[in-house]
Amino acid sequence: METVIILAMTQVLALLFGRIRQPRVISEVIAGIFLGPSVMGRIPHFKDRIFPDAGTAGLTLTSTIGLVIFLFLVGLEIDTKAVKRNFLAASSISIAGLVVPLGLGAALGVGVYKEFINPNVNYGYFLLFTAVAVGITAFPVLCRILTELKLLETTVGSVTLAAGVGNDVVGWILLALTVALVNAASGLTALYVLLASAGYIIFLFYPVRWAYLWLARWTGSLERGAPTTGMMTLTLVLVLASAFFTDIIGVHAIFGGFVAGLIIPHENGYAISLVEKLEDLVSIVFLPLYFTLSGLKTNLGLMNTGKTWGYTILICVVAFFAKFLPCFGAAMATGFNWRESGAVGSLMSCKGLVELIVLNIGLQANILDTRSFSMFVVHAVILTFLTTPFTLLFYPEKYRTRDRPRPDHSVEGRATTHSSSRDDYKTRFALVLDRIEQLPAAMTIAHLLQPGETALPNARTSSDGSEKSFEKSPVTSGSRQISVNALRLIELTNRGSAMLKSQAAESLAYTDPIISVFRTFGYLHNLFVSAALSVVSQDEFPAAVSKHAAENESQMIIVPWSRGSTEVDDEPDNHAHNPFDGIFHKNTTHTSTRDPTSSVVYSEFIRNVFSTSSSNVALFVDRGISTPHHRSGTQHLFLPFIGGPDDRLALSFVVQLARNPSVQATVVRIVKTEGLSRNTTSIDKKDVIDASSSIPVVLQTLAAGDTVYAQHDTHTRLASETADNLTWDRYAAASVSHNSETAVALSRISFRTFETSTPLHTMIEYTTKIPQTDSARDLIVVTGRSRRMAVEAHAAELETVITEAGTSISSSVPKTLGDVGAALVASNTRASLLIIQATVDGL
């Protein structure tokens, strides 16, 4: 029961404090304070019934084991390469951030000892303890703050991370010295403890590390980048045995776990995979128990005098400025400006969970009593809470500079990629990849972008720190080279593995399987492919996409949306589980294709890309290949041209895709008229979709928020209609001359015009008339999203389509796909969708 209450309280507070970008440790400690004697403990019999002393002992043992494993993960996160890259600045900041705080911490300890500490406590030991408590930096929390604020790829982040490594290691050594002195009966015993510790560290770093590395290679773990079951067992035995040894020699068990983490190899993502297997249990269960127990030991009720609160404030002020000022000065001396130096000082003053570990050790060693422990806990929480806002105050995003300059994206032949002719030929595309399931959709659309056969290019690689580019030399044919700049998105979470991935983005860009597969696909299909990797939070995906497109001067962003996973059912399942199951369903008896977990979240991401991007955007909803076809098979595109900027862009894009010899297209201009019935259209009634034979779609999801777009006034409507006519005549009129490439593309397109009072019904009916042959692939319907500056409002007709089809769709479908795309979903049309939205400049 105690564990359930602790985890529930911690999770609720983590959700609240996470909204203001506070690390999870804040919620864990505050949960403990709330459940402890300061708040809930004042309820009669609460402690005896909920947290009895008999049960607390078991929680303490469990949390200590978890803490040992956590310190092992902390050791894994330390990367000595970061120190080597910025040695001068990092060492200067680290030394300044240790020497001054240690001295001021000892001076602070004089006053605290005289006022609050039992005289039986050794005076020198207490001063050494307070010096360590003030001087140490919480490296794990520092890493997570740097990652969340996207500072790891900046010079400030790199230097602060390197300085934090040195500060953290020295702090742990000093704390080990303090514990050894406290536990030793005499100075000679303390010397023996320190010598034993030094010998054990040497033993771990050389013979044990060599043996572990040999075993990792022998079992193939390093080659695969993931530990085998045997290596995981060996690793856990090593951690626990190391903790046991450091505990019995008189140093705390957590030091054994920490030094064990330092010997784990980082090659080929092995350390990341190891962390992924351990981190959830540690971060979700063990750490909340430990830090909540720390909060339970905190009694704010004992801080009931002005002197106590005065010293608490003094501890906060001294601890902050003892770190901030020397680190600020050292940063200024090594070439940083005042904003960067202020960010360095703020980050180095972070305390967090390492400080709480130190305080718990002090409490267990009887150096601190409950009141002084509570004072230092309050100071740790306050300083950790202030780290993020102070860093953002000194160093907002607009002032940040990268650790290394971005590569020059101009390559031989790039000048030819700029389209200067009037055919609106696009050559630079940004492609979003965040899941391996999207590769089929990405490959499909990338293949269609290729206008024809070209010479096989040579691959080369260029780098820019946290982002890696894999580029090809331009083709030598007369066609303008298509370049696809893929963006691999990895979600940044509170997990340590996500932080390690962010730090290792430079190497991950070479080894990431999604990038490797797509790069190889591009090479084999003669596409100029580059790839960048970015580790950001889910909420920042749209901003990362827009930034990537702007930096690469991409003319269009392509967002692939793959079909869902296929499940085999004992009975046919007629219920869709997300807004787009109607597209993804196969017409088979015992299988259904759905994406039950991510479609709502992903549709929200897509809408944010549509609304925030400054480039043209194309959403490719891939239904997957269901029709067997030969290599020579054709891909048929169908564009219902209703009008508006999105449809105009869609028309020009279809003409560009038709330059691919395997593409055939049908473009139908649908002109809405008044007073015509559906029977007056040129479509035969026998070709209308039989709604009773289609799979019913029942969508039970919560629709996310919509973006409100500007609509036409009289002037813009007339201008849009004129532009529609000009665009249509440019491609459909036989009298207009074109260059040879465009003329060949237009020969593969069939243009038609229909007048109807029901555009959506006409579009759906015509979709079923597209010829399908044994060598043809599934149909792709290309349509404008038309959520802004739409020519006509189709909401009423969409409701009619839904009613006639006997379906029910969520309101998030038209918000994401537009009314035309939503009508195709509602009617269960068996076609993939390519939804186009023009940039604001194109309106």
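Just so it is clear, the structure is predicted and the values come from calculations on it, not from any experiment. Below, each value reflects all heavy atoms present in this structure, side chains not excepted, and no hydrogens, waters or symmetry copies.
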Side chain [X], main chain [Y], donor-acceptor under 3.5 Å:
X      : Y      : answer
His252 : Ala243 : no
Asn118 : Val121 : no
Thr160 : Gly157 : no
Thr137 : Met348 : yes
Glu340 : Asn337 : yes
Trp309 : Met303 : yes
Ser158 : Thr155 : no
Thr246 : Gly256 : yes
Thr387 : Leu383 : yes
Ser27  : Arg24  : yes

Give me the atom names and distance for the closest heavy-atom approach of [X] to [Y].
X      : Y      : value
Gln22  : Thr384 : OE1-O, 3.7 Å
Ser273 : Pro227 : OG-CD, 3.4 Å
Pro265 : Tyr212 : CD-CE2, 3.7 Å
Pro101 : Gly97  : CG-O, 3.1 Å
Leu236 : Leu278 : CD2-CD2, 3.9 Å
Ala380 : Glu355 : CB-CG, 3.5 Å

[X] ring center near [Y] ring center (under 6.0 Å):
X      : Y      : value
Tyr123 : Tyr113 : yes
Phe324 : Phe394 : yes
Phe245 : Tyr200 : yes

Pairwise side-chain contact, Thr3 with Ile6, heavy-atom cut-off 4.5 Å (strictly under)
no
Any side-chain heavy atom of Thr312 within less than 4.5 Å of one from Ile382?
no
[atom1] of [X]: more than 12 outside heavy atoms within 6.0 angstrom?
X      : atom1 : result
Phe205 : CZ    : yes
Arg209 : CZ    : no
Tyr206 : OH    : no

For the pair Leu35 and Met9, evaluate side-chain contact (heavy atoms from CB on, under 4.5 Å) and give the outcome as yes or no after the intermediate values.
CA-CA 9 Å; Leu35 294 172; Met9 178 67 72; 4.0 Å; yes
Quick check for you: to the nearest 0.5 Å, what is the distance between [X] atom [atom1] and [Y] atom [atom2]?
X      : Y      : atom1 : atom2 : result
Leu174 : Leu128 : CG    : CG    : 7.0 Å
Leu281 : Phe286 : CG    : CZ    : 4.5 Å
Met375 : Thr298 : CE    : OG1   : 12.5 Å
Phe390 : Phe320 : CZ    : CZ    : 5.0 Å
Asn167 : Ser91  : CG    : OG    : 12.5 Å
Leu234 : Met232 : CG    : CE    : 10.5 Å

Assess the side chains of Thr308 and Thr305: does a donor N or O sit below 3.5 Å from an acceptor N or O?
yes
Does the pair Ile490 and Ser534 meet the rule for a side-chain contact (heavy atoms from CB on, under 4.5 Å), with working shown?
CA-CA 6 Å; Ile490 297 179; Ser534 182; over 6 Å; no
Audit row: Phe116, Tyr311, ring pair (Phe, Tyr, Trp, His ring centres under 6.0 Å) steps and yes/no
CA-CA 10 Å; Phe116 303 102; Tyr311 266 94; 5.2 Å; yes
Mind jotting down which residue pairs meet the salt bridge (Lys or Arg N to Asp or Glu O under 4.0 Å) criterion with at least one end in residues 303-317? Sequence neighbours excluded, please.
Glu115-Lys307
Does Arg339 make a cation-pi contact with Tyr399, if we ask for NZ or CZ under 6.0 Å from the ring centre and within 45° of the axis?
yes
